[in-house]
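What follows is a single structure, written as C-alpha cells, with notes after it.
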Amino acid sequence: MSKLSMTATFAAILATAMPVAYAQTRATPETHAAVASGEPGRIIQPNQIRASKMIGSTVYDVQNRNIGSVKDLVLDNDGRVAVVVVDVGSFLGVGGKYVALSMSDIKTDNNRRTLDRSKEQLQQMAEYQLEDRTTGAGTSASPTTGGRLGR
C-alpha cells in the first residue's frame, strides 16, 4: 500500500470518528450550567462549610487574639453537628483542654472562625471528653482481620 493511500485511509477514519467524539462531549455544557446555577445538592452553598476546612482551623476572639483551634466535630445520629470541640490553652499540643461549643457560637467569615468569648472564659468552661472509656463512645473498633499486619 502506498503512502498516499495509507494517508487517505487514516484521514477517512479520523473524519468518521470526529462526529462520534463530539456527540459524547456535548452533554458537558448542560451539566456545567446546572452546577454553575448553584442548584442545592450539587455544589456547596454559602452557608455551608467543609469539615476538613473547619477541623484544625484557628479560633479568634473579637479582639483578634488566637484563643484555640477546632479539634473535632461531633455529629448526632441525624448527621448534624452536635458540638464543635475547641482545644484551648495548649502550647504545641500540651497543657490545654477541650471545650464544647455549639456551631452557632462560632461565626465564620471568609474562612475565619471568631467567637464572642475570651480565652479566659473558655478556660473556665467544663472540660469536654472526646472519648468515654466506660462505654467506648468516641473510639473506633479495630478490624478483627486484615490491615497492615494481617492479624
When you check the gap from the basic side-chain N to the acidic O, do R65 and D61 get nearer than 4.0 Å? yes
Min side-chain heavy-atom separation [X]-[Y] under 4.5 Å:
X: V74; Y: Y128; value: yes
X: R113; Y: V86; value: no
X: L122; Y: L101; value: yes

When you measure from the side chain of [X] to the backbone of [Y], do you find a donor-acceptor pair of N or O atoms at a distance under 3.5 Å?
X: N77; Y: G79; result: no
X: E127; Y: M125; result: no
X: K119; Y: G68; result: no

Shortest non-hydrogen contact from G56 to S69? O-CB, 4.3 Å
Looking at every heavy atom in both S118 and Q121, which two are closest together, and how far apart are they? N-OE1, 2.8 Å
With a 4.5 Å cut-off on side-chain heavy-atom distances among I, L, V, M, F, W and Y, is there a chain of contacts connecting L75 to I49? yes
If two hydrophobic side chains count as joined below 4.5 Å and joins carry through other members, does V99 share a cluster with Y60? no
Do other residues, nucleotides or ligands put more than 12 heavy atoms under 6.0 Å from the NZ atom of K107? yes
Rounded distance (nearest 0.5 Å) linking atom [atom1] of [X] with atom [atom2] of [Y]:
X: I67; Y: R117; atom1: CD1; atom2: CZ; answer: 9.5 Å
X: T114; Y: Q63; atom1: OG1; atom2: CD; answer: 11.0 Å
X: T108; Y: M103; atom1: OG1; atom2: CE; answer: 5.5 Å
X: D105; Y: D116; atom1: CG; atom2: CG; answer: 8.5 Å

